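For reference, the structure is listed below as structure tokens.
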Amino acid sequence: MTRLFILLVAVTAAAVQSIRGQTPNPMERPATVDYYYKAKWGYADEFLRLFLKNHYPVLKKQQEKGNILRIDIVKPRYHATEDGRWDYRVTLVYKNPAAMLAGSLTEAELRQLYPDKTVFEREEQRRFEILIAHWDIPLDTVEAEKK
């Protein structure tokens, strides 16, 4: 449902910009999404270890295929209030909105990355057990100056 919403927003934005005579084809422009992760107190390091072991290779494979242009992983330097706290933000810059919506890897690619499916599934289950919240925020560039 989220992917359908993102595609609808992208298509609407493309139509509006096209009517205004701006960017010829926004569907070819990079698409950026911030993914926020909030782990249970004391488990952020374990979450990151599991993320880097089991999910980051999927992202890197998508980058090798050209679907993802950039992967940035950051954490806050200082703490925030519990309601606004997050432990990690992963920013992905996709080649275009279609690449963002294309999905993950094929079964063969996943088997190559994770030959022991049982271990992979157990660790992914653990990663989500220690996760309190996760939210995705697709970003739109605001043109501050017209050219």
Side-chain angles (χ1 to χ4, degrees), residues 1-18 22-143:
M1 187 64 150
T2 300
R3 290 181 180 188
L4 181 59
F5 175 74
I6 292 168
L7 183 59
L8 180 61
V9 169
V11 169
T12 302
V16 169
Q17 288 179 348
S18 187
Q22 295 174 352
T23 313
N25 190 352
M27 296 305 287
E28 293 178 13
R29 294 176 65 188
T32 304
V33 182
D34 279 344
Y35 299 89
Y36 289 85
Y37 298 94
K38 179 180 178 179
K40 293 179 184 177
W41 275 106
Y43 291 93
D45 291 341
E46 180 182 2
F47 173 84
L48 182 62
R49 181 182 60 77
L50 292 168
F51 178 91
L52 292 174
K53 181 180 179 191
N54 291 320
H55 191 59
Y56 187 69
V58 172
L59 300 176
K60 289 300 288 182
K61 189 72 165 176
Q62 289 181 331
Q63 189 174 36
E64 288 171 19
K65 293 169 68 172
N67 293 332
I68 294 177
L69 303 176
R70 196 176 83 234
I71 303 168
D72 294 322
I73 302 173
V74 299
K75 65 179 185 175
R77 180 172 290 172
Y78 303 113
H79 62 83
T81 60
E82 182 60 23
D83 60 330
R85 179 179 72 83
W86 51 270
D87 295 298
Y88 298 101
R89 183 187 75 216
V90 178
T91 300
L92 301 180
V93 178
Y94 293 90
K95 177 174 62 177
N96 55 38
M100 179 176 57
L101 300 172
S104 192
L105 304 178
T106 66
E107 284 298 318
E109 290 170 321
L110 288 172
R111 274 194 307 275
Q112 182 182 16
L113 286 174
Y114 309 106
D116 191 337
K117 186 176 180 181
T118 303
V119 170
F120 172 75
E121 288 175 350
R122 183 178 64 240
E123 290 177 345
E124 280 296 271
Q125 179 179 344
R126 176 64 182 158
R127 182 166 70 98
F128 285 100
E129 284 172 358
I130 61 178
L131 195 62
I132 293 174
H134 169 235
W135 57 99
D136 309 338
I137 303 176
L139 304 172
D140 285 330
T141 300
V142 175
E143 300 294 335

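All values derive from a computational prediction rather than experimental measurement.
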Exercise. Do you know which two heavy atoms are closest between Pro30 and Val93, and how far apart they sit?
Worked result: CB-CG1, 3.8 Å
For this session: First locate atom CG of Leu48, then atom CZ of Arg127, and finally report the distance between them rounded to the nearest 0.5 Å.
Result: 10.5 Å
Exercise. What's the verdict on side-chain contact (heavy atoms from CB on, under 4.5 Å) for Arg70 and Thr32, showing C-alpha distance, side-chain angles and the deciding distance?
Worked result: CA-CA 9 Å; Arg70 196 176 83 234; Thr32 304; 5.7 Å; no
Exercise. Out of curiosity, Lys95 NZ to Asn67 CG, how far, rounded to the nearest 0.5 Å?
Worked result: 5.5 Å
Exercise. Rounded to the nearest 0.5 Å, how far does CG of Leu110 lie from NZ of Lys117?
Worked result: 9.5 Å
Exercise. Taking atom CD1 of Ile71 and atom OH of Tyr35, what is their separation to the nearest 0.5 Å?
Worked result: 11.0 Å
For this session: Test Gln63 against Lys60 for side chain to side chain donor-acceptor pair (under 3.5 Å), laying out the working first.
Result: CA-CA 5 Å; Gln63 189 174 36; Lys60 289 300 288 182; 2.9 Å; yes
Problem set entry | salt_bridge(Lys61, Glu109) N-O dist < 4.0 Å | no
Problem set entry | Inter-residue atom distance Arg122.CZ - Asp116.CG, 0.5 Å rounding | 7.5 Å
For this session: Would you please indicate if the ring centroids of Phe47 and Tyr37 are separated by under 6.0 Å?
Result: yes
Exercise. Is the closest side-chain heavy-atom distance between Tyr43 and Arg126 below 4.5 Å?
Worked result: yes
For this session: Identify the two heavy atoms, one from Arg29 and one from Pro97, that lie closest to each other, and give their separation to 0.1 Å.
Result: O-CD, 3.4 Å
Exercise. Taking side chain as C-beta onward, heavy atoms only, is Tyr114 less than 4.5 Å from Glu121?
Worked result: no
Exercise. Which heavy-atom pair separates Lys40 from Ile132 by the least distance, and what is that distance?
Worked result: CA-CD1, 3.5 Å
Problem set entry | Considering all heavy atoms, the nearest Lys75-Trp86 contact | CA-CZ3, 4.2 Å
Exercise. Can you check whether Thr106's main-chain N or O pairs, donor with acceptor, with Arg111's side chain at less than 3.5 Å?
Worked result: no
Problem set entry | Straight-line distance of His55 NE2 to Phe120 CZ, nearest 0.5 Å | 9.0 Å
Seminar exercise, completed: Minimal heavy-atom distance between Leu52 and Ile73, with the atoms involved, is CD2-CD1, 3.9 Å
Problem set entry | Neighbour count >12 (heavy atoms, 6.0 Å) for atom CD, Gln112 | no
Problem set entry | Considering all heavy atoms, the nearest Leu50-Glu124 contact | O-OE2, 4.4 Å
Exercise. Passes salt bridge (charged side-chain N to carboxylate O under 4.0 Å, His left out), Glu82 versus Arg85? Steps please.
Worked result: CA-CA 5 Å; Glu82 182 60 23; Arg85 179 179 72 83; 2.9 Å; yes
Exercise. Under 3.5 Å, is there a donor-acceptor pair between the side chain of Asp87 and the main chain of Ala39?
Worked result: yes
